[in-house]
Protein chains: 2
Amino acid sequence: MEQNQQFFHAHHSPMGALASFTVGEFGAHGGMGLELGAPYAGNVFIGYQDGEGVVNAFPFYKGAKDQSERYVQKDDVSSLKEHIFEDVNRDYRWATDGFAAPGISFKIITPFFDIPDPQLAQQQKLQQACCPAVYVELTFDNTSDQDWTGFFALQGDELRWNKLIDGGEQGLVGVSCRDQIGIASQHPNARAFSHFSVQSALSKMGNNECFMLGPTAGLMIDVKAGEKVTVPLVLGFYLAGNVTYNRAMQYYYTQHFTGLQQVLAYAVNHFDDYAAIAQQNDQQLAASKLNQHQQFLVAHATRSYYGSTQWLFDGTESVWVVNEGEYLMMNTLDLTVDMLFFELQQNPWTVKNTLEQFVNHYSFYDEIFHPDQPEKNYRGGISFTHDMGVANNWSPKGQSSYEMAGLDRACFSHMTYEQLTNWVLCCGVYISKTGDAQFATEQRGRLIDCLQSLLNRDHPDAEKRDGIMSFESARTEQGGEITTYDSLDHSLGQARGNIYLAGKSWAAYLAIAKVMQDLGEQQQAELALTAAQRCADKLADSLDPQLGYIPAVLDGHSSSAIIPAIEALVYPYEMGLLDAVSEQGPYARYISALKTHFSFILNENYCLYADGAWKLSSTADNSWVSKIYLNQYVARKVLKLDIADNVASDAAHQRWQTIGASQHACCDQFSSGKPIGSLYYPRCVTNILWLQE
Amino acid sequence: MEQNQQFFHAHHSPMGALASFTVGEFGAHGGMGLELGAPYAGNVFIGYQDGEGVVNAFPFYKGAKDQSERYVQKDDVSSLKEHIFEDVNRDYRWATDGFAAPGISFKIITPFFDIPDPQLAQQQKLQQACCPAVYVELTFDNTSDQDWTGFFALQGDELRWNKLIDGGEQGLVGVSCRDQIGIASQHPNARAFSHFSVQSALSKMGNNECFMLGPTAGLMIDVKAGEKVTVPLVLGFYLAGNVTYNRAMQYYYTQHFTGLQQVLAYAVNHFDDYAAIAQQNDQQLAASKLNQHQQFLVAHATRSYYGSTQWLFDGTESVWVVNEGEYLMMNTLDLTVDMLFFELQQNPWTVKNTLEQFVNHYSFYDEIFHPDQPEKNYRGGISFTHDMGVANNWSPKGQSSYEMAGLDRACFSHMTYEQLTNWVLCCGVYISKTGDAQFATEQRGRLIDCLQSLLNRDHPDAEKRDGIMSFESARTEQGGEITTYDSLDHSLGQARGNIYLAGKSWAAYLAIAKVMQDLGEQQQAELALTAAQRCADKLADSLDPQLGYIPAVLDGHSSSAIIPAIEALVYPYEMGLLDAVSEQGPYARYISALKTHFSFILNENYCLYADGAWKLSSTADNSWVSKIYLNQYVARKVLKLDIADNVASDAAHQRWQTIGASQHACCDQFSSGKPIGSLYYPRCVTNILWLQE
């Protein structure tokens with residue numbers, strides 16, 4: 001990677017363990033974290049003491065200074081000379097993250113693969129998929145004529161460590177903390193240690209290698225003069241017992257591993273298998289047509305997604321949760337719909353699992369009102385909550401952790417309409433991609449309810465419908481709904497009359513129509529198609545010749561130009577409804593209007609930053625990259641627009657992550673390239689779609 | 001309390017839960033902490049919003065400013081006027097801690113009583129003793145003509161809360177976090193809430209009382225104009241499952257309570273019983289002859305002791321652990337011997353339990369060497385480790401978490417000799433106070449081994465013994481042993497030749513002799529008495545007429561004057577061996593020398609600070625108050641010395657806690673009244689002995 005961009009934090013995570021070995025930023029906190037919304041506030045020490053006694057280390061700890069040599073005084077006992085590697089080469093691939101400096105290199109290996117459906121798969125495959133470990137290949141190349149002592153260690157103020165007690169023939173050496181995190185290796189050159197610091201251990205303060213009062217622990221590796229040593233080591237995570245509240249659940253891996261020790265042993269024994277999978281992952285991305293920036297962005301997004309995943313077990317069956325990055329909200333539905341494409345490619349059962357959770361626990365039937373007459377309620381219909389809880393706390397049935405009543409189109413208001421479209425779209429795309437006819441049959445009645453709910457929110461009186469949302473959920477208590485763009489201005493934040501959300505409702509009508517057609521429910525299909533037509537017509541009609549584009553909000557609250565006007569095209573396209581997105585199809589006028597709209601606004605006057613980065617709304621310096629990636633795909637692949645400077649845009653978006661958000665692997669929300677929210681976020685995997693271009 | 005001394009942190013803890021509601025310092029972090037070595041880094045909000053909308057609160061949160069009114073802007077939604085109570089009256093008693101300000105008062109109730117022997121006691125009594133809860137009586141007196149909203153709330157950045165789901169007829173309202181901590185009340189005026197902050201909740205940002213994304217939660221209490229409302233509320237703690245590592249154990253309370261909800265319900269139902277016990281505690285201390293400063297110091301020490309206690313269950317029986325304050329070392333033996341008097345008064349089975357744990361897991365037989373010839377080893381004998389582990393990590397069999405080899409009389413070296421005397425002294429005093437003949441019989445062989453071990457460490461060649469320690473444990477790997485005064489200079493820090501430790505060995509010989517006599521082991525008793533005589537003679541002979549006192553270390557390494565020369569007299573005295581501590585008894589010369597020693601040094605030239613506070617060593621500005629209290633007792637009660645300015649000393653020692661260590665409830669180690677270590681410490685309960693004066 002470019003030398004000014006190689007230091008940035010990245011998640012390195014097992015699948016489904018809500019755990020991360022976060023490392024890579026210069027002089028910043030990092031380490032092994034469990035259930036965190038940010039990098040663990042510890043330090044990572046990887047390096048070696050050379051024959052002169054100098055401690056050479058990567059700069060992955062708080063306070064590492066960018067200078068070649070300095071004397072440090074730690075714990076009043078050590079004054080070893082310290083040298084920080086400045087010239088680090090980083091090789092950031094889809095499933096391996098490699099770092100190299102003189103005499104040392106290491107690669108963090110985080111293979112990912114389809115998690116098999118727990119209801120169908122062999123136990124062995126499930127064990128392989130849920131093993132909560134990360135793999136590291138650490139190499140020392142001692143070309144000097146003096147012996148070295150290598151080290152790989154973690155530190156955290158409140159961490160106290162135990163030496164692993166070997167189960168027997170395994171030959172495992174390592175350390176663990178509270179049976180929750182551990183480092184282990186089978187390599188004969190490796191010794192476990194714990195101490196105040198790497199310095200105090202190396203300077204032989206006392207003769208105890210495993211001094212229990214120290215917050216620093218890991219492995220020491222003897223590297224003789226002239227020797228090249230490669231040490232495979234594993235980082236294991238484990239949380240036993242119930243980890244969720246209100247509804248008690250455990251991690252799925254507890255079904256396959258009795259504890260940390262077993263995780264470490266299994267991971268050590270299967271190191272090569274996992275490394276081989278990671279190599280395949282790497283090769284697949286490298287062999288794609290994506291440019292280097294895109295490859296980076298895909299790899300970065302994938303890591304952050306897996307770091308947020310939480311595969312639980314409720315005593316009977318698996319429960320899939322994706323946590324909302326720094327916010328730790330559980331299965332936020334407006335993220336689910338964006339991560340849909342990634343999950344359908346990897347493990348479609350997780351999408352079905354999430355949809356069913358929403359049905360069983362987080363759906364409701366509400367009333368609605370018109371903002372001009374807020375005291376008069378009408379029948380609304382079914383919808384779904386924004387999320388299922390926060391930080392392992394399941395929210396009460398039918399409630400999210402996020403949505404608050406009494407707010408008028410402000411952050412934390414309800415997202416009833418958007419979540420209705422989101423559930424429908426996930427359902428429709430899931431059924432199309434998987435052909436899961438049984439699920440379609442099961443959801444028949446619910447989708448009909450969803451259709452009625454969408455229609456009512458346009459207008460309860462069928463005569464007065466114009467195709468887009470005009471009514472608010474009474475759950476807002478006379479407030480007003482918002483969209484997933486909750487902290488943006490009305491151009492994207494307000495739900496009512498919003499053309500982004502109108503696009504989604506058009507797509508939702510199409511999704512319902514498609515499922516209904518396949519189920520032989522012709523009447524419902526017709527009803528949905530009529531609504532889709534009405535919506536498309538309304539949007540096409542709203543192309544303002546004066547403005548040159550469709551204004552963001554059709555009720556006059558915003559005439560901003562917004563990129564996500566085109567976003568919803570992805571859903572019919574991914575469902576294979578190519579006619580629907582064609583300029584020769586039934587919605588030709590709408591598609592044509594969107595092309596005009598988009599072509600008019602993708603420039604520095606409206607929706608481009610000077611460096612080529614995209615800006616979702618002309619009136620707000622506030623962009624979510626997951627949505628940029630999605631809209632890029634729609635523009636290029638669905639609308640087949642020829643966009644200049646794609647590579648410059650990708651390079652700019654890479655800089656947002658590696659320079660702007662270098663401490664926040666990875667970040668979704670930016671203001672002029674500066675991270676302003678949605679840190680440590682899973683949603684950016686929308687860019688998986690690029691692999692289809 | 002005096003107005004400049006009323007703001008300081010105090011533990012408020014159940015017995016044996018290693019849990020604390022720490023609060024009381026002005027503008028500092030505090031809250032409900034589990035297994036912490038410091039106050040929980042959260043905030044406590046207690047107060048009321050008055051009819052003008054002003055939020056009146058006690059200053060128990062970080063950032064509380066000492067000014068009467070200010071405008072705050074929090075979460076961009078609230079700008080309620082805020083008023084911090086400046087004039088707070090604090091009534092700090094043995095088991096209640098009361099705070100009063102205009103219109104509001106609250107009392108934190110932490111009753112303590114004898115924990116019955118789990119092998120003998122009724123289940124009901126055990127449940128009562130282990131219930132992990134703290135009790136609060138909160139009173140609002142609204143003499144205004146407008147309604148108020150009272151609040152009692154906790155905040156912590158990473159805390160996310162659930163509303164308690166009532167089990168049924170109970171009528172409990174409250175909140176909990178991760179099923180680990182909770183606040184509950186049955187009062188009809190109380191409502192549960194959670195929000196970003198008290199401000200955002202009061203300013204009605206949104207209409208959800210329990211907004212799940214907020215880190216602040218508690219109870220809101222309606223107080224109508226003219227109404228006086230008293231709300232009993234309980235704070236419950238719970239950690240389920242295995243909490244210790246290397247050897248898995250659970251909290252004993254898990255045997256009696258299935259979870260937090262049950263703890264809260266039980267605590268609410270038994271509120272009055274616990275409050276009555278606390279009242280008896282208060283009355284007992286108030287009725288004592290102690291002056292107000294002493295009463296404060298006893299109450300403060302007692303709270304900090306219970307905050308460090310951890311009553312575990314290993315699957316078969318109870319395991320008693322006292323954690324070492326901020327360091328969280330488990331059952332540090334040089335603390336056990338000091339806390340002995342408190343524990344023997346409250347629940348002697350815990351002493352026996354600890355002694356047996358040392359025997360079964362943390363005893364060993366070592367070799368020894370003379371410092372002049374470190375390569376030549378001799379048979380040493382039995383001794384005991386410094387501690388049993390750290391932060392819930394049991395150390396390996398026969399090892400402590402603290403002791404490190406290869407150090408010569410420096411912090412973290414071995415304490416083999418001192419711990420040998422400590423185990424013997426605990427054993428001897430326990431048997432004397434309880435008359436537990438069975439235990440005496442069981443320990444017969446071990447005490448004989450201890451005697452031989454003590455003798456060998458004087459000199460392996462009986463002919464060459466002079467009564468005091470001259471040999472070092474080979475576990476130091478040719479280093480040198482230290483004492484519990486580990487961070488002091490050689491005057492108290494070095495073990496070999498130290499008169500403090502020599503005093504302890506004299507007392508240990510006497511303890512062994514007493515038990516042996518009672519067991520009819522006359523020969524062993526004689527051997528021990530001879531050794532005691534040799535030790536006493538050596539010490540008496542060492543009174544240096546030039547100096548005017550006995551120099552701290554008899555091998556010439558220190559000629560400091562130290563108060564703890566007299567410390568060990570407490571053990572024979574408490575065992576009822578009054579002859580031994582008499583100027584007319586067998587050790588008359590020694591006792592007389594100690595009187596001369598002590599009388600010579602208790603002044604500003606040697607061992608007093610200008611304000612009357614005691615200074616343990618003339619050459620080090622480094623004192624442990626637990627030891628001061630113990631030596632005060634010995635000087636006054638055992639040596640019957642008439643000490644001037646006792647009250648001034650007590651007042652000074654109170655200021656060390658309330659002003660010097662106001663954030664560290666309570667602190668043991670001070671330098672000129674400034675806390676320099678041993679924060680949040682359990683050992684200060686040595687002052688329980690004062691109640692016998």
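Excluded from the calculations below are hydrogen atoms, water molecules and symmetry mates; all remaining heavy atoms, backbone and side chain alike, are included. Quick caveat: nothing in here was measured; it's all calculated off a predicted structure. Numbers restart at 1 for each chain; the letters A, B, ... are given by sequence-line order, proteins then strands.
The distance from the SG atom of B:Cys210 to the CD atom of A:Gln399 is 9.0 Å, given to the nearest 0.5 Å. With rounding to the nearest 0.5 Å, the separation of CG in A:Asp179 from OG1 in B:Thr244 is 9.0 Å.
Using a 4.5 Å cut-off between heavy atoms, B:Glu158 does not touch chain A at all. Looking at B:Glu35, the atoms closer than 4.5 Å to chain A (heavy atoms on both sides) all sit in the side chain, from C-beta outward. When heavy atoms are compared at a cutoff of 4.5 Å, B:Asn392 approaches chain A solely by way of its side chain, counted from C-beta outward. For chain A, the nearby parts of B:Leu213 are the backbone and the side chain; heavy atoms of each come within less than 4.5 Å. Heavy atoms of B:His414 lying under 4.5 Å from chain A are absent altogether.
When all heavy atoms are compared, the tightest approach of B:Phe412 to A:Phe196 is CZ-CZ, 3.4 Å. When all heavy atoms of B:Arg160 and A:Asn393 are compared, the pair lying nearest together is CB-ND2, 3.5 Å. The two residues B:Pro396 and A:Met212 have their closest heavy-atom pair at CD-SD, 3.9 Å. Across all non-hydrogen atoms, the minimal contact from A:Tyr245 to B:Asn162 is CB-ND2, 3.6 Å.
Contact count versus chain B (heavy atoms, under 4.5 Å) is highest, among A:Phe211, A:Trp161, A:Tyr327, for A:Phe211. Among A:Met329, A:Arg178, A:Glu477, the residue making the largest number of heavy-atom pairs under 4.5 Å with chain B is A:Arg178. The candidate with the highest count of non-hydrogen atom pairs below 4.5 Å against chain B, out of A:Ser401, A:Gly406, A:Gly241, is A:Ser401. When the candidates B:Ala410, B:Ser395, B:Gly37, B:Ser176 are compared by the number of heavy-atom contacts under 4.5 Å with chain A, B:Ser395 comes out ahead.
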